[in-house]
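First the structure, in the form of structure tokens, and then the observations on it.
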Amino acid sequence: KFFNAFEFISSMSSGFDLSSLFESK
Amino acid sequence: MGCFLSKRPKHTAGYEDPTLLAAETPFNVSEVEALYELFKKLSSSIVDDGRIHKEEFQLALFRNKNKRNLFADRVFDTFDVKRNGVIEFGEFIRALGIFHPNAPVESKIEFAFRLYDLRQTGFIEREELKEMVLALLHESDLVLLEDVVETIVDKTFSDADTKGDGKIDVEEWKEFVSRNPSLIKNMTLPYLKDITLAFPSFVVTSEVDDS
């Protein structure tokens, strides 16, 4: 299967996981 | 006339009227007010000045104010529309609104484009994509041969850069995302669908309570 670099980035980077902002509450 | 003492709540300089913010975003007024509670907490975690500094953002994301991360930097900078190095309340609400499940897909696609356009040239360039892949490998403690990274970047780029001019413009990006919709999966935060249910602890404020 084609390995999509953008998919790799978007699905794996913790920097994109904004749910942590809410968990800090 | 005697002097009038207002009981209005104290808000910080960057505060914006929740009614106006609700009109511009998928949030209703009480949700904007609830998110103000979150904003106050985030913006006072290190410097209590009513604005979120990058260290405060990093602290919230990683529990570590010194942890640098390319993607967290990009998210911060994309929230910081005024580019003054801090996230103000209105910027916070408008940007979070894009992550709302009901926000238009188009705005999610454009926001993701801005994130990946590292040098804000209006294009995603090959070197930027490679830089992001390398940063993620580093973040994840993964090692890939240089040739493999080049191949992944080349393959992705040849698929997305349909005009073949060596850079991905926003139209190519939209078309690429339409073929790969999972690329914007992280642009939706299900929590935002009903903040007042998911985060009842935010909903403690009212104009009276806050004064």
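First the proteins, then the strands, lettered A, B, ... as listed; each starts at 1. Quantities reported herein were computed from a predicted structural model and do not represent experimental measurements.
The distance from the NZ atom of B:Lys163 to the CD atom of B:Glu175 is 10.5 Å, given to the nearest 0.5 Å. With values rounded to the nearest 0.5 angstrom, A:Leu18 atom CG is found 8.5 Å from B:Asn186 atom CG.
Taking the centre of each ring, B:Tyr191 and B:Phe99 stay at or above the 6.0 Å mark.
The contact between B:Val75 and chain A is made entirely by side chain atoms (from C-beta outward), counting heavy-atom distances below 4.5 Å. With a threshold of 4.5 angstrom between heavy atoms, B:Leu136 approaches chain A through side-chain atoms but not through N, CA, C or O. Using a 4.5 Å cut-off between heavy atoms, B:Leu189 contacts chain A through its side chain alone, with no backbone atom that close. Proximity to chain A (any heavy atom under 4.5 Å) is restricted, for B:Ile124, to the side chain, taken from C-beta onward. Only the side chain of B:Leu142 has a heavy atom closer than 4.5 Å to any heavy atom of chain A. Heavy atoms of B:Ile184 lying under 4.5 Å from chain A are absent altogether. Proximity to chain A is absent for every atom of B:Leu59, based on heavy atoms less than 4.5 angstrom apart. Of the atoms belonging to B:Phe76, not a single heavy atom falls under 4.5 Å from chain A.
Between B:Phe92 and B:Phe39, the angle of the ring planes lies from 30° to 60°, which puts this pair in the tilted group. Using a 30° and 60° split on the angle between ring planes, B:Tyr116 and A:Phe6 fall in the tilted class, from 30° to 60°.
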Q | Full working for side-chain hydrogen bond (donor to acceptor under 3.5 Å, both in side chains) between B:Lys185 and A:Ser10 | A | CA-CA 8 Å; B:Lys185 205 164 56 180; A:Ser10 66; over 6 Å; no
